[in-house]
Amino acid sequence: MDVKIPQAQSPGFIGNAVKAAVGHVVSGHAHSTKGSSNASMQATAKVFGAIQGHWLSACLGVMLQLKVADALVDHAASSSSHDNAPAGQPAAAKGAANGRGAAADDDDSAGMSIEQIAAACGASSPTATSHLYKVLRVLAQHEMLDELPGRKFTPNAATVQLVQGEAPSLGHMASHLINPPKWDAWKVLPQAVQQGKTAFVLAHGMDVYQYGELPEQAAYGEEFMKAMSFFTRHSLAGGATSLKDAYDWAGARVILDVGGGRGELLSSAMSWAGPQAKGLLLDRQMVIDSIDIPGMFEAKGVAGAAGRLTLMSGDVRQPFPQQAQQAQVDTLLMKHFLSAFSDEDCALILKHCRQVLGAAQQRCHSCHMEVLAPGGSILLLQTLVPEAGDRQHNTCEDGVAPGLFAIEILAQCPGGAWRTLSEWQALFSAAGLRLAGNTSVGCNMNLMVWKAQ
């Protein structure tokens with residue numbers, strides 16, 4: 001069953017789900033410290049919260065791998081079809097949108113028994129059913145689903161988002177981040193830190209991108225693409241300022257998205273820039289081959305997209321393809337892309353970015369490097385890690401913790417790093433670029449506009 005979430009409601013739903021899954025056990029220790037001013041006890045509670053966060057993620061992994069969310073939402077939609085839901089909205093989604101299970105307004109019979117869930121998930125032996133109940137019980141305590149009397153469960157807002165249907169969802173994102181291959185990498189994180197290596201490479205003998213391109217790992221690669229498409233759409237939703245309003249897109253004539261995936265961001269940028277805008281997208285060949293131009297670009301109002309769009313494959317550590325060199329690019333996008341590379345690789349990629357930016361590049365004879373034409377801009381979209389000593393920005397509106405995501409990148413991507421603003425400034429300054437603007441956009445990102453110094 002493919003469950004769609006109303007766009008206007010997604011940020012709040014996702015915030016509840018992510019905060020519950022990742023941050024709830026870290027910060028939610030009010031019971032153990034209530035009424036206590038004992039600093040030592042509070043510190044102990046924080047340590048236990050961190051320890052138990054690992055266990056909660058493991059339980060969420062069970063829910064995802066067994067497709068429990070899918071089973072619950074399907075069952076609730078079927079059993080509640082007689083309810084008076086608004087036209088076009090299943091009763092299950094109605095209840096979930098209100099932050100409670102579809103059965104909240106019915107008797108307990110509308111819930112799905114643990115025996116039914118276990119059977120649907122292939123865990124129907126008495127012992128397996130008992131194990132699954134205990135896992136779902138704790139997930140219900142942390143708001144991933146709702147438990148009713150009689151060992152029955154119903155979906156809530158978080159459950160609906162964890163469905164892994166055809167459309168990219170939080171379920172794909174969560175599954176990708178805690179799937180078995182990545183879990184194997186976390187096991188060897190201490191050795192990787194000690195040896196200065198990448199945990200995923202230690203665990204699998206290859207990096208995460210090589211792994212995803214293996215023929216036998218096609219499902220892993222597809223899950224990655226859906227996760228990234230979801231995260232782009234989600235990250236730019238909510239917040240006080242939208243990306244559309246944070247930048248003057250009317251001035252963008254030729255837009256290049258480096259590492260643009262299936263076009264979630266570029267399609268939006270082209271629609272905002274207007275019918276005169278052309279777009280280029282550079283990514284790996286397997287990604288380029290999976291792009292649905294009508295479904296992604298035409299669906300967002302980019303009329304005649306096939307004639308306005310150039311798709312290119314290549315290694316960004318090499319000079320960009322000739323199509324990019326000749327396109328007279330004036331706006332270059334990178335969203336959560338440079339964070340997958342080391343400082344050394346970032347310097348090389350920025351050099352290649354500068355070589356394609358601007359309709360009339362000039363040659364700096366004294367420094368022997370390309371100089372951006374006036375007005376050419378690099379738009380960097382990143383979630384910023386707090387600077388040293390800043391504990392006020394540990395968690396974004398949607399529950400994303402930038403410092404923890406930085407460790408996920410460290411463990412999975414050779415040389416990768418989510419960075420602080422000062423770290424980005426050092427990288428771009430070394431490449432001859434200055435920060436011309438920095439605006440918080442969406443629910444977890446910053447739009448940084450860079451121009452030639």
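Since we're looking at a predicted model, the values are computed, not measured.
- There is a side-chain donor-acceptor pair under 3.5 Å between Tyr133 and Glu147.
- In the model, Ser422 has no side-chain atom that pairs as donor or acceptor with a side-chain atom of Gln425 under 3.5 Å.
- Between Ser268 and Lys244, every side-chain heavy-atom pair lies at or beyond the 4.5 Å cut-off.
- To the nearest 0.5 angstrom, Met448 atom CE is 6.5 Å from Trp450 atom CH2.
- One side chain, Arg262 or Ser290, offers a donor N or O that lies under 3.5 Å from an acceptor on the other.
- When atom types are taken as modelled, the side chain of Asp146 and the backbone of Thr154 share no donor-acceptor pair closer than 3.5 angstrom.
- Looking at Phe320 and His352, their side chains come closer than 4.5 Å, going by heavy atoms from C-beta outward.
- Ring-plane geometry between Phe200 and His204 is classed as tilted, the angle between the planes lying from 30 to 60 degrees on a 0 to 90 degree scale.
- If you check the side chains of Thr127 and Ser125, you find no donor sitting under 3.5 Å from an acceptor.
- Residues Leu332 and Val258 meet the side-chain proximity criterion, which asks for heavy atoms closer than 4.5 Å.
- With hydrogens and angles disregarded, a donor-acceptor distance shorter than 3.5 Å links the side chain of Asp70 to the backbone of Gln164.
- A salt bridge does not link Asp74 with Lys67: none of the charged nitrogens is closer than 4.0 Å to a carboxylate oxygen.
- A donor-acceptor contact shorter than 3.5 Å links the side chain of Asp330 to the backbone of Val254.
- Here Asn446 contributes atom CG and Leu384 contributes atom CG; the two are 4.0 Å apart, rounded to the nearest 0.5 Å.
- Asn444 and Glu397 share no side-chain donor-acceptor pair at under 3.5 Å.
- Proximity of a side-chain donor or acceptor of His393 to a complementary backbone N or O of Val385 within less than 3.5 Å is not detected.
- In this structure a side-chain-to-backbone donor-acceptor pair under 3.5 Å is missing from Ser339 to Ala417.
- Side-chain atoms of Gln42 and Asn38 form no donor-acceptor pair, as typed in the model, at a separation below 3.5 Å.
- The backbone N or O of Asp315 sits nowhere less than 3.5 Å from a side-chain atom of Gln318 that would complete a donor-acceptor pair.
- Of all non-hydrogen atoms in Ala431 and Arg354, the two that sit nearest each other are O-NH1, 2.5 Å.
- Considering CG of Leu410 and CD of Glu408, their distance stands at 9.5 Å, rounded to 0.5 Å.
- Annotation: the span from Ser313 atom OG to Ile288 atom CD1 amounts to 6.5 Å, rounded to 0.5 Å.
- Look at Lys351 and Glu344 and you find no salt bridge, because none of the NZ, NE, NH1 or NH2 atoms lies under 4.0 Å from a carboxylate O.
- With rounding to the nearest 0.5 angstrom, the CE atom of Met112 is 11.5 Å from the NZ atom of Lys152.
- Remark: the Ser271 side chain and the Lys300 side chain contain no N/O donor-acceptor pair separated by less than 3.5 Å.
- With hydrogens and angles left out, the side-chain atoms of Lys226 and His176 include no donor and acceptor closer than 3.5 Å.
- Taking the six-membered ring for Trp and the full ring otherwise, the centers of Trp186 and His54 sit at least 6.0 Å from each other.
- Side-chain contact between Leu202 and Thr198: absent, with no pair of heavy atoms (C-beta onward) separated by less than 4.5 Å.
- Two residues are said to be in side-chain contact when any heavy atoms from C-beta on lie closer than 4.5 Å; Leu309 and Phe297 meet this criterion.
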- Could you walk me through whether Ser175 and Glu223 pass the side chain to side chain donor-acceptor pair (under 3.5 Å) check? CA-CA 8 Å; Ser175 181; Glu223 182 180 76; 2.6 Å; yes
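- Contact of the Arg419 side chain with the Asp343 side chain is registered, since non-hydrogen atoms from C-beta on lie closer than 4.5 Å.
- In this structure, Val329 and Leu280 have side chains that are in contact, with non-hydrogen atoms separated by less than 4.5 Å.
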- Message: Evaluate Asp283 against Met312 for side chain to side chain contact (heavy atoms under 4.5 Å, CB included), listing each step before the verdict.
- Response: CA-CA 7 Å; Asp283 214 308; Met312 308 169 292; over 6 Å; no
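- Residues forming a side chain to side chain donor-acceptor pair (under 3.5 Å) with Ser169 (at least two apart in sequence, or on another chain): His172.
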- Task: Run the numbers on Thr232 and Lys335 for side chain to side chain donor-acceptor pair (under 3.5 Å), then give the verdict.
- Result: CA-CA 8 Å; Thr232 296; Lys335 184 204 70 70; 3.1 Å; yes
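- The CG atom of Asn156 sits 9.0 Å away from atom CG of Leu162, with the distance rounded to the nearest 0.5 Å.
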- Test log, rule side chain to side chain contact (heavy atoms under 4.5 Å, CB included), inputs Phe341 and Ile349: CA-CA 9 Å; Phe341 295 92; Ile349 294 167; 3.7 Å; yes
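- Glu115 and Thr129 share no side-chain donor-acceptor pair at under 3.5 Å.
- Among all heavy-atom pairs drawn from Ala120 and Ala71, the shortest one is CB-CB, 4.2 Å.
- The shortest heavy-atom contact between Ile291 and Gly261 is CD1-O, 3.5 Å.
- Counting heavy atoms from C-beta outward, Met228 and Pro168 have side chains that stay 4.5 Å or more apart.
- Checking side-chain atoms of Glu213 against main-chain N and O of Gln210 turns up no donor-acceptor pair under 3.5 Å.
- The backbone N or O of Ala58 lies less than 3.5 Å from no partner atom in the side chain of Trp183, so there is not a single donor-acceptor pair.
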